[in-house]
K.L.:
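There's a structure below that I have some questions on.
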Amino acid sequence: MLDVKNPEINFAIQTASRAVQLVRQVQAELVTPVLTKEDRSPVTIADFACQALVAHLLEEAFPEELLVAEESSSALLKPGAERNLELVTRFVRRALGSERAEALSSQQVCAWIDRGQTNQASRFWTLDPIDGTKGFLRGDQYAVALALVQNGVVQIGVLGCPNLVNADTRDLVGTGSLVIAVRGQGTWCAALNSLVDWKQLQVSTRSNPAVARLLRSFESGHTNVDQIGLFAQKMGIQADPVLMDSQAKYAVLAAGAGDLLLRLLSAALPDYKEKIWDHAAGSLVLHEAGGRISDLDGRPLDFTAGRSLLNNRGILASNGMLHAPALIALKQIGA
Ligand code: AMP
Ligand code: MG
């Protein structure tokens with residue numbers, strides 16, 4: 001069972017939920033249909049505000065805990081970024097919602113953001129304030145991803161997925177899902193607007209590759225589309241891959257609504273090293289639902305090497321049953 005009274009688990013759930021409320025507010029107010037493709041300011045504001053909020057809540061709940069997170073305040077302190085910093089501060093103030101928040105300075109917000117600059121530690125929390133930034137701008141899938149890692153082992157992983165309904169469909173209606181995994185306690189999902197009715201998630205039992213459902217990044221530059229085609233052919237997978245942004249993909253696999261997830265190395269960046277905040281929460285969500293995750297060579301993900309998965313190459317995630325045949329197919333196509 002999920003021990004929701006445990007302080008760290010409760011913190012993860014409440015924090016992810018408050019962070020999602022904040023980023024949804026930014027999206028509702030700043031992402032407009034007239035936004036040009038180049039204008040990424042809403043996602044910038046949501047990213048920074050979310051990181052500041054989570055860093056502050058962590059400091060308040062567990063002052064000794066360290067944070068490894070994507071953003072640093074330097075981009076907000078550059079000339080020309082004044083308006084962004086002002087908006088970030090305004091959204092954080094609103095998220096805090098107390099009288100004290102009125103007095104919150106931009107300087108304090110930047111200090112909170114920079115609590116995320118930890119490089120390496122034996123125990124830390126890791127945050128992707130908005131995973132799937134393009135999905136966020138498109139009104140598609142994105143996630144707030146938070147995880148607790150101790151001695152390289154992910155202990156808690158939480159994904160706030162505002163546009164994922166029951167973690168098993170891609171409908172863009174409803175209240176979205178909060179998915180939490182705790183080592184030894186399974187993976188659980190609840191509706192973001194009522195975090196009481198927890199349903200346990202379990203991966204699929206599909207072992208026939210012909211009917212397997214393969215997930216990949218929406219952004220073709222984050223993977224290798226041609227090689228994914230070759231892989232599908234080798235495996236005999238018939239359906240086209242499902243394109244989805246963010247770690248919502250892990251939640252879909254955990255819920256048994258997908259069977260394989262591939263992150264191949266793009267031709268443009270063959271030496272790309274995955275960031276730990278892009279996989280820490282999702283990897284436990286999948287593992288505790290009975291799935292398997294490794295790199296493309298079958299190696300376990302190594303979360304002890306700093307901010308990136310320096311000792312790994314790409315990602316293969318699966319329902320477990322399809323993992324061994326997928327590793328063979330990857331070798332055969334030279335991925
Ligand atoms: P996805 O939504 O699955 O495309 O994953 C989003 C994540 O991809 C972002 O959080 C980035 O950290 C990461 N990313 C950025 N560039 C690349 C790249 N060239 N290859 C793989 N991942 C990338
Ligand atoms: Mg990310």
Side-chain angles (χ1 to χ4, degrees), residues 7-23 25-26 43-78 81-82 84-98 100-131 133 143-160 180 247 275-281 284 303-309:
E8 276 108 6
I9 298 171
N10 182 54
F11 167 81
I13 294 169
Q14 299 306 326
T15 301
S17 159
R18 285 181 72 176
V20 164
Q21 277 176 37
L22 185 163
V23 298
Q25 252 159 20
V26 177
V43 78
T44 306
I45 289 154
D47 245 340
F48 284 104
C50 179
Q51 183 166 322
L53 175 70
V54 172
H56 165 61
L57 295 176
L58 181 64
E59 186 177 36
E60 205 175 47
F62 307 110
E64 307 297 316
E65 296 277 42
L66 299 172
L67 183 65
V68 177
E70 187 162 12
E71 311 296 348
S72 95
S73 72
S74 56
L76 284 177
L77 296 171
K78 284 186 185 143
E82 296 82 2
N84 279 358
L85 179 56
E86 189 195 314
L87 281 166
V88 167
T89 306
R90 204 185 293 169
F91 278 101
V92 178
R93 276 188 194 136
R94 216 200 288 173
L96 290 176
S98 64
R100 219 187 95 219
E102 290 301 307
L104 178 64
S105 67
S106 292
Q107 214 177 6
Q108 178 65 70
V109 168
C110 287
W112 287 342
I113 291 169
D114 290 336
R115 278 182 57 83
Q117 286 306 294
T118 304
N119 227 331
Q120 213 161 6
S122 59
R123 178 185 164 100
F124 58 86
W125 292 76
T126 185
L127 170 75
D128 194 341
I130 296 197
D131 183 29
T133 52
V144 174
L146 180 65
L148 170 63
V149 182
Q150 181 147 20
N151 299 325
V153 181
V154 187
Q155 298 294 342
I156 298 176
V158 61
L159 297 174
I180 179 153
Q247 288 171 73
K275 304 289 181 259
I276 61 168
W277 49 79
D278 280 331
H279 303 287
L284 189 65
F303 290 104
T304 66
R307 294 167 70 86
S308 300
L309 295 171

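A quick note: this is a predicted structure, and the numbers were derived from the prediction, not measured.
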K.L.:
Closest approach of Ser72 and Ser74, non-hydrogen atoms and distance?
P.N.:
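Nearest heavy atoms, Ser72 then Ser74: OG-OG, 2.9 Å.
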K.L.:
Between Phe62 and Trp125, what is the ring plane arrangement, given parallel below 30°, perpendicular above 60°, and tilted in between?
P.N.:
parallel
K.L.:
Less than 4.5 Å apart, side chain to side chain, heavy atoms only: is that true for Lys275 and Arg307?
P.N.:
no
K.L.:
Taking Gln247 for its side chain and Asp278 for its backbone only, find out whether a donor-acceptor pair lies under 3.5 Å.
P.N.:
yes
K.L.:
Can you tell me how far the CD atom of Glu70 sits from the SG atom of Cys50, to the nearest 0.5 Å?
P.N.:
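Going from CD on Glu70 over to SG on Cys50, the span is 11.0 Å.
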K.L.:
With the side chain counted from C-beta on, respond yes when Leu53 and Leu96 share a heavy-atom pair under 4.5 Å apart, and no when they do not.
P.N.:
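Answer yes - side chains close enough.
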K.L.:
Would you confirm whether Glu65, through its side chain, and Leu148, through its main-chain N or O, come within 3.5 Å as a donor-acceptor pair?
P.N.:
no
K.L.:
State, to 0.1 Å, how close Gly306 and Gln120 come at their nearest heavy-atom pair, and which atoms those are.
P.N.:
N-NE2, 3.5 Å
K.L.:
When you look at CD of Gln107, are more than 12 heavy atoms from neighbouring residues, nucleotides or ligands closer to it than 6.0 Å?
P.N.:
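No - once you tally the heavy atoms of other residues, nucleotides and ligands closer than 6.0 Å, there are 12 at most.
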K.L.:
Please assess Val153 against Phe303 for the test side-chain contact (heavy atoms from CB on, under 4.5 Å), listing each intermediate value before the final yes or no.
P.N.:
CA-CA 7 Å; Val153 181; Phe303 290 104; over 6 Å; no
K.L.:
List the atom of Glu71, the atom of Phe48, and the distance in Å for their closest heavy-atom pair.
P.N.:
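Scanning both residues completely, I find the closest heavy atoms to be CB-CE2, 3.6 Å.
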K.L.:
In this structure, which one of Val109, Leu127, Asp128 forms a side chain to side chain contact (heavy atoms under 4.5 Å, CB included) with Gln51?
P.N.:
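For Gln51, the side chain to side chain contact (heavy atoms under 4.5 Å, CB included) check succeeds only for Leu127.
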K.L.:
Taking all non-hydrogen atoms of both residues into account, name the closest pair between Leu85 and Cys110 and its distance.
P.N.:
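Taking Leu85 first and Cys110 second, the nearest heavy atoms are CD1-SG, 3.8 Å.
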K.L.:
Closest heavy-atom contact between Ile180 and Ala12?
P.N.:
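Shortest heavy-atom contact: CD1-CB, 4.1 Å.
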K.L.:
Just how far is it from atom OG1 of Thr304 to atom CG of Asn151, taken to the nearest 0.5 Å?
P.N.:
9.5 Å
K.L.:
So, taking the atom named CZ in Arg123 and the one named OG1 in Thr118, what distance separates them when rounded to the nearest 0.5 Å?
P.N.:
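Going from the CZ atom of Arg123 to the OG1 atom of Thr118 covers 13.0 Å.
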K.L.:
Could you tell me the separation between the CD atom of Glu86 and the CD1 atom of Ile45, rounded to the nearest 0.5 Å?
P.N.:
10.0 Å
K.L.:
First locate atom CD of Glu60, then atom OG1 of Thr15, and finally report the distance between them rounded to the nearest 0.5 Å.
P.N.:
9.5 Å
K.L.:
Quick one, Ser73 with Asp114, criterion side chain to side chain donor-acceptor pair (under 3.5 Å). Give me CA distance, side-chain angles, the key distance, then yes/no.
P.N.:
CA-CA 6 Å; Ser73 72; Asp114 290 336; 2.6 Å; yes
K.L.:
For the residue pair Leu67 and Thr126, establish whether any side-chain heavy-atom pair is separated by less than 4.5 Å.
P.N.:
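Leu67 vs Thr126: side chains apart.
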K.L.:
Measuring from atom CG of Leu22 to atom CD1 of Ile130, what distance do you get when rounded to the nearest 0.5 angstrom?
P.N.:
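It is 8.5 Å, given to the nearest 0.5 Å.
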K.L.:
Under 3.5 Å, side chain of Arg18 to main-chain N/O of Ala95, donor-acceptor pair present?
P.N.:
yes
K.L.:
Would you check if the side chain of Arg94 reaches a backbone N or O of Thr89 as a donor-acceptor pair within less than 3.5 Å?
P.N.:
no
K.L.:
With a 4.5 Å limit on heavy-atom distance, are the side chains of Ser308 and Ile276 in contact?
P.N.:
no
K.L.:
Do the non-hydrogen side-chain atoms of Val144 and Val23 ever get within less than 4.5 Å of each other?
P.N.:
yes
K.L.:
Leu76 and Ala81: which non-hydrogen atoms are nearest, and at how many Å?
P.N.:
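The pair with the smallest heavy-atom distance is O-CB, 3.7 Å.
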